Structure formats: C-alpha cells, structure tokens
Amino acid sequence: MLDIKRLREDTDTVIKRLELRGEDFSHLKDTLTQDELRRQIIQDVERLKKERNETSKLIGQYKREGKDTADIFKQIEDNKEEISSLEAQKNTLETSIRDTLLRTPNIPHKDIPVGKDDTQNKVLREVGDIPVFDFEPKAHWDLGTDLDILDFKRASKVAASRFTIYKGLGSRLERGLINFMLDMHVDEHGYHELMLPYIVNKESMTATGQLPKFEDDAFKLTDERELYLNPTAEVPGINMHRGEILDASELPKRYVAFTTAFRQEAGSAGRDTRGIIRQHQFNKVELIKFAKPENSYDELDKMLENSENILKALNLPYRVVEICSGDLGFSMAKTYDIEVYLPSYGTYREIGSISNAEDYQARRGNIKYRPSKDSKPEYLHTLNGSGLAVGRTVVAIMENYQQADGSIRVPEVLKGILRTDIIK
RNA sequence: GGAGGGGUACCCAAGGGGCUGAAGGGGCUGGCUUGGAAAGCUAGUAGUUCGCUAAAACGAAGCGGGAGUUCGAAUCUCCUCCCCUCCGCCA
C-alpha cells in the first residue's frame with residue numbers, strides 16, 4: 001500500500017512516478033484533501049473523548065461519595081452526539097481513503113526503464129543457443145498429442161477449456177521438473193521448502209495485491225467465507241508472516257514452494273488458446289523472500305540468478321528482460337522476466353518473473369522486522385519469483401529437444417528422474 | 001455434523017460495569033549481596049497504531065475481530081474467527 005505520509009509530503013513526485021505506469025493518478029490529490037479533513041476530525045474527536053473520559057470518571061467518584069450527578073450527565077449528553085457524528089464522518093473518510101490506496105499500485109523503482117507497454121521492456125542478456133532444426137519443428141500441442149503425453153480433448157470434457165491432462169512420460173516430466181527445481185533451490189540456493197494451502201482468504205489476497213482490483217482474475221469459492229483458489233504461491237507464502245514482527249537475525253527469509261496455481265485468465269480470451277502456455281491450472285515452483293530494505297535489491301539479483309540456474313541446468317535458451325514502467329505488475333517496484341525461447345512461437349515467452357515489492361505488500365499485510373533489539377519495528381521488503389513455471393518449462397523442453405521423428409530427448413539432468421533419455 | 005471449554009501484555013494467569021491500561025507468577029533489564037556465581041532481596045518492564053510535534057511531552061485507540069447497550073465496557077448483548085477436549089464421519 002502506498003504510504004499516505006509519503007504522498008502527503010512528496011505529492012508531486014509520487015504522482016509523477018506512479019504515472020510512469022501510464023495511468024492518471026491526479027485523483028490522489030482529492031485523497032489528500034480527505035486525509036486532511038480526517039486528521040482534523042481526529043483531533044476534534046480526541047478532544048471530546050478526553051472530556052468525556054474525565055467527566056465519566058467523576059461520575060464514578062461522585063457515586064462512591066454519594067454526591068449528586070445530575071449536572072454532569074447533562075454535560076455529557078451533547079458531547080455524546082457530537083462524538084458519534086464525527087466518528088461516522090471519520091469512518092466514511094477512512095474507508096474511502098483506504099479503498100483508494102488499496103487500488104493504487106506500487107511506485108515504480110526510479111531506475112527502471114520508462115515505457116508504455118511490453119514492447120518497451122529492456123532485454124538485458126540472451127543466454128544459450130537458439131536451436132536450429134533441419135526439419136520443420138512441431139509445436140508442443142502437436143508433439144504432445146502425437147506422443148500421447150498431453151490430452152486436451154479429454155481435459156475439457158472433464159473440466160473446461162484451458163485444462164490439460166498429462167499422461168505417461170508427460171506427467172512424469174512435469175513431476176520430475178518439480179522435484180528437480182525444488183531440490184536445486186533447497187540444496188544449492190539455500191531456500192527452505194514449504195507446502196502451502198491452495199485456498200486463501202480475502203485478507204491474504206488483499207495484502208499481496210490481488211484484491212480489490214483484480215478479483216476477476218481469481219477463482220472465488222462460492223463459500224460465505226470469501227475464499228479463493230491460490231493464484232500463485234506468492235499469496236500464501238507472503239501472507240504466512242502477515243501481522244508479524246520478524247527478528248532482524250531471521251532475515252533474509254528464503255522460502256521455496258511448489259503450488260498449483262489457478263487463474264481465470266479473464267481478458268485473455270483468444271490468446272494462447274492452443275497448448276499449455278495459458279491454463280486455468282498450472283504448476284509453479286515459487287521463490288519467496290523477506291528481506292531488510294537495505295539489501296533487498298541484492299536479494300533480488302540473487303533470486304534472478306537462482307531462477308536462471310534452472311534454465312542453465314536444463315540447457316534451454318532464454319533471455320532476461322527488465323520490465324518497463326508501463327508493463328510493471330501492480331504490487332511491484334521492479335521486475336525481471338525470464339523468457340525462454342519457443343520454436344513454435346519463433347520467439348521468447350515468459351517462463352518466470354522475479355520481483356521486488358519493496359514495502360508495498362509489507363505495508364498492506366503489516367509485516368515488519370525489528371532492525372535491532374531496542375529499535376521500533378519497520379516494514380521489511382518482500383520479494384517473489386518463479387523458479388520456474390513448470391508447465392511452460394515442459395513446453396520449452398518438448399519444443400527445443402524435439403527430433404525429426406517426433407520424439408523428445410530428455411535433458412541430461414532429468415534422465416535419472418525420468419529413468420529414460422528419450423520420450424517417444 | 002453434535003456436545004462442551006478457551007482466546008487478557010514476551011510467556012503463564014487473575015479479573016465478570018467506574019478505585020484496572022489491567023492483580024500475581026515466570027522471563028528479561030538494572031541494583032543490593034558475593035572472591036565470583038547460584039540462591040535470596042529489590043527496582044524497572046505495553047509493545048503497537050493513530051493524532052500533535054523538529055523531537056519529546058501530551059492525547060486517543062487498544063484484553064482474538066466486528067457491531068451494540070451504557071455517562072462509562074476486558075467485564076453485559078449479538079455476530080464472527082481461531083484453538084482445545086469428547087462423540088460422529090472420513091483420506
């Protein structure tokens with residue numbers, strides 16, 4: 001959440017920075033007007049409450065002493081109505097201010113590229129060689145159907161479109177990748193493994209920024225408790241420490257979690273309708289960090305490196321892209337995307353996204369740390385990154401490792417897990 | 001799903017309308033004692049959020065969360081969440 005004090009003190013800069021996202025945020029000035037009024041009311045209310053508290057105490061005292069209290073009661077009557085009327089005004093203002101702030105995205109980091117959309121993202125580096133085929137390479141949906149390791153038709157019978165059934169070695173490839181990724185992050189990168197709930201509540205969705213603005217993207221359960229299917233492990237992962245004050249010595253906290261993610265994909269009708277690039281349900285290994293503000297950007301760079309290591313180990317060609325202001329996710333101050341090369345698209349497609357939310361989610365979720373024993377708690381920084389999207393990794397392997405006869409070679413590091421070196 | 005019992009500060013716990021922003025104990029910090037320590041004695045120990053501040057002082061809120069009754073609520077009423085015990089069901 002945007003810090004109202006920062007907005008108050010540095011209004012023009014904050015609005016200018018927010019507007020690099022390509023939206024108008026001038027309405028925040030009205031919010032500041034509301035905020036001013038709110039603070040005035042607080043002062044009035046508190047003055048009245050102080051009076052009331054003092055007078056009420058007198059009543060107790062008088063009664064104990066057997067004195068007459070009629071005069072004092074009169075005094076309180078007016079006071080009472082004024083307090084409740086002012087409090088009602090205050091609540092209205094606070095609700096409105098909070099709602100605006102919850103719908104205001106994070107301030108983009110000052111060094112990120114300025115741009116209006118994904119065409120202006122900045123490619124930082126390309127790693128690995130794009131495969132050259134001496135035959136016409138197939139898309140993964142054809143490879144998958146021909147090898148009978150992916151079944152789209154039956155999945156839509158069972159559920160709906162944008163679901164897939166993995167079969168045989170397809171299923172084992174997905175499972176093997178999950179294991180491989182988790183092990184690498186735990187054993188080599190020092191993350192602590194978690195298994196998280198697949199259902200999250202409204203408070204959690206709000207803290208990480210999915211709500212209130214992006215409710216349409218989530219699967220909401222028809223349960224009066226207002227629960228949602230996990231849209232990314234970032235939600236249960238970050239919210240694990242919601243409302244907590246962590247000790248400085250615990251930081252950075254590094255978690256890795258495999259979860260299945262569920263998304264409505266509202267607004268992407270007609271896009272990526274074939275194959276498993278864009279599904280309502282997909283598997284993801286997610287990296288999560290809670291870091292001190294002063295080194296969160298070092299932690300971000302390390303996290304990016306950790307994700308890249310997976311692609312390097314799988315020997316897949318990829319590039320790293322720095323997301324420009326106009327393409328930046330709602331809760332994030334800075335994001336790197338990792339894009340893997342896909343022959344069927346003839347270009348790179350996102351396979352992972354590594355971001356620093358700074359104190360934005362921490363503020364929404366009230367997650368703090370105590371810098372030293374005697375200091376006041378301060379908001380920490382939260383980071384999250386894919387490590388990686390498993391379904392899209394399967395796609396990348398299928399397409400990049402395919403052979404003329406329609407079979408797929410198994411990457412060296414997965415041969416043990418798959419117990420074969422070829423899928424045919 | 002049924003029947004009970006709970007949620008109070010770092011931890012345990014008392015308190016059931018005003019003298020309680022909260023007894024008592026543990027822990028922690030300091031002092032006395034000691035050659036040093038333990039023990040004992042003794043003092044201190046509500047963090048937090050908001051408002052006002054240059055900062056403090058000060059004020060308001062705060063006894064799981066929300067709403068209500070009242071001049072006044074940890075205490076009474078209602079709703080809700082979480083935890084525990086027993087029964088039923090179940091992977």
Side-chain angles (χ1 to χ4, degrees), chain A residues 1-10 31-102 195-207 211-212 221 223-228 236 239-250 260 359-380:
Chain A
M1 192 157 57
L2 195 62
D3 181 5
I4 187 99
K5 278 186 206 147
R6 186 167 167 196
L7 179 66
R8 210 185 282 154
E9 283 156 17
D10 207 4
T31 306
L32 281 179
T33 311
Q34 292 182 312
D35 176 54
E36 211 168 301
L37 185 56
R38 172 188 143 259
R39 279 150 59 213
Q40 184 55 53
I41 291 174
I42 285 176
Q43 287 181 52
D44 293 344
V45 162
E46 288 186 353
R47 200 193 67 242
L48 289 167
K49 279 191 178 173
K50 191 187 174 187
E51 280 173 33
R52 185 199 61 191
N53 289 348
E54 283 167 356
T55 321
S56 288
K57 257 188 191 143
L58 278 183
I59 293 177
Q61 200 183 312
Y62 279 25
K63 286 206 164 158
R64 254 173 283 128
E65 293 166 1
K67 287 189 195 165
D68 181 49
T69 53
D71 288 352
I72 309 185
F73 271 97
K74 243 183 246 163
Q75 210 178 324
I76 283 182
E77 271 313 306
D78 316 329
N79 197 315
K80 198 189 176 188
E81 261 175 48
E82 206 177 342
I83 289 177
S84 69
S85 135
L86 284 173
E87 291 229 288
Q89 280 182 59
K90 186 184 82 135
N91 286 341
T92 311
L93 284 168
E94 276 178 352
T95 307
S96 161
I97 292 167
R98 183 174 162 78
D99 187 66
T100 304
L101 292 180
L102 285 176
M195 272 204 187
L196 295 159
Y198 280 21
I199 290 176
V200 293
N201 60 33
K202 195 180 175 181
E203 290 71 27
S204 296
M205 291 285 277
T206 305
L211 293 180
L221 273 55
D223 185 300
E224 69 283 358
R225 285 178 294 186
E226 303 204 81
L227 299 169
Y228 297 81
N239 277 283
M240 225 170 72
H241 293 297
R242 174 153 49 82
E244 295 184 17
I245 299 169
L246 304 181
D247 200 85
S249 62
E250 301 175 77
T260 301
D359 68 0
Y360 185 83
Q361 293 177 324
R363 204 174 278 283
R364 292 169 79 108
N366 192 24
I367 312 172
K368 298 187 168 182
Y369 80 109
R370 204 177 292 280
S372 67
K373 201 170 166 292
D374 303 310
S375 52
K376 285 195 122 192
E378 284 172 21
Y379 291 112
L380 45 70

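Sequence lines set the chain letters: A, B, ... in the order given, protein chains first and strands last, and positions in each chain run from 1. Please read all numbers here as calculations on a predicted model, not as lab measurements.
In this structure, A/Arg52 reaches the sugar-phosphate backbone alone: every heavy-atom distance under 4.0 Å involves primed, P, OP1 or OP2 atoms, never a base. Using a 4.0 Å heavy-atom cutoff across all strands shown, A/Lys90 reaches no nucleic acid atom at all.
Nucleotide B/C19 has no partner under the Watson-Crick or G-U criteria, as no pair reaches both atom distances under 3.5 Å. As the counterpart of B/U53, no nucleotide is assigned, since no Watson-Crick or G-U wobble pattern has both distances under 3.5 Å. Using N1 to N3 plus N6-O4 or O6-N4 for Watson-Crick, or N1-O2 and O6-N3 for G-U wobble, each under 3.5 Å, B/G1 pairs with B/C87. Pairing of B/C63, defined by two Watson-Crick or G-U wobble distances under 3.5 Å, is not identified with any nucleotide. For B/A73, there is no paired base (Watson-Crick or G-U wobble, both distances below 3.5 Å). Pair assignment for B/A14: none, as no Watson-Crick or G-U wobble contacts are both less than 3.5 Å. Judged by Watson-Crick or G-U wobble contacts below 3.5 Å, the nucleotide B/C41 has B/G31 as its partner.
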How would nucleotides 52-58 of chain B be written as a contact map, 5' to 3', with B for base contact, S for sugar-phosphate-only contact and - for no contact, using protein heavy atoms under 4.0 Å? S------
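Between the C1' atom of B/C50 and the CG atom of A/Asp44 lies a distance of 15 Å, rounded to the nearest Å. Summarising the geometry, the separation between CG on A/Leu48 and C1' on B/A61 is reported as 15 Å, rounded to the nearest angstrom. Computed from coordinates, the A/Asp3 CG to B/U49 P distance equals 12 Å when rounded to whole Å. Rounded to a whole Å, the CG atom of A/Asp247 is 14 Å from the P atom of B/C10. Atom CG of A/Leu86 is separated from atom P of B/G59 by 21 Å (rounded to the nearest Å). Note: CD (A/Glu87) to C1' (B/A67) measures 13 Å, nearest angstrom. Between A/Glu81 atom CD and B/C71 atom P the separation is 12 Å, expressed in whole Å. The distance between atom CG of A/Asn366 and atom P of B/G65, rounded to the nearest whole Å, is 14 Å.
Here CG of A/Asn366 is found 10.5 Å from CD of A/Glu244. Values are rounded to the nearest 0.5 Å. Note that OG1 of A/Thr31 and CG of A/Leu101 are 6.5 Å apart. Values are rounded to the nearest 0.5 Å. If you take CG on A/Asp35 and CZ on A/Arg8, they are separated by 4.5 Å, rounding to the nearest 0.5 Å.
When the P atom is compared between B/C58 and B/G40, the two are found 36 Å apart, to the nearest whole Å. On the C1' atoms, B/C87 is 34 Å away from B/G15, given to the nearest whole Å. Nucleotides B/A14 and B/U20, compared at atom C1', are 12 Å apart to the nearest Å. Separating the P atom of B/G64 from that of B/A74 is a span of 10 Å, rounded to the nearest Å. On the C1' atoms, B/G16 is 26 Å away from B/C10, given to the nearest whole Å. Rounded to the nearest Å, the gap between the C1' atom of B/C28 and that of B/C12 is 15 Å. Taking atom P on both nucleotides, B/C76 is separated from B/A91 by 43 Å, rounded to a whole Å. For B/U70 and B/U75, the P atoms lie 16 Å apart once the distance is rounded to whole Å.
For A/Arg98, the CZ atom counts as loosely surrounded, since its 6.0 Å shell holds 12 or fewer non-hydrogen atoms of other residues, nucleotides or ligands. Annotation for A/Glu36: atom CD does not count as buried by contact number, only 12 or fewer foreign heavy atoms lying within 6.0 Å.
Between A/Arg370 and A/Asn91, the residue anchored nearer the 5' end of RNA chain B, judged by the nucleotide with its closest heavy atom, is A/Arg370. Mapping A/Ile4 and A/Arg225 onto RNA chain B by nearest heavy atom places A/Ile4 closer to the 5' end of the strand.
A/Asn201 and A/Ser204 share a side-chain donor-acceptor pair at under 3.5 Å.
Taking each heavy atom of A/Leu86 and A/Ile41 in turn, the nearest pair found is O-CG2, 3.5 Å. A/Thr206 and A/Arg364 make their closest contact through O-NE, 2.8 Å (heavy atoms, listed as atom of the first residue, atom of the second, distance).
Which of B/U48, B/C19, B/G51 sits closest to the side chain of A/Lys5 comes down to B/G51. Residue A/Ser56 places its side chain closer to B/C71 than to any other of B/G47, B/C81, B/C71. Nearest nucleotide to the A/Ile42 side chain, out of B/C19, B/G51, B/C81: B/G51. Listed candidates were B/U49, B/G47, B/A60. Nearest to the side chain of A/Lys49 is B/A60.
The pair A/Asp359-A/Arg363 meets the salt-bridge criterion, since a charged nitrogen lies less than 4.0 angstrom from a carboxylate oxygen. A salt bridge links A/Glu87 and A/Lys49; the closest N-O separation between the charged side-chain nitrogens and carboxylate oxygens is under 4.0 Å.
Between A/Lys368 and B/U49 there is a side-chain N or O to OP1 or OP2 distance below 4.0 Å. In this structure, A/Arg38 reaches the B/G51 phosphate: one of its side-chain N or O atoms is under 4.0 Å from OP1 or OP2. The phosphate of B/G72 (OP1 or OP2) has no side-chain N or O of A/Asn53 nearer than 4.0 angstrom.
In B/G35 the base sits anti relative to the sugar, since the glycosidic angle is further than 90° from 0.
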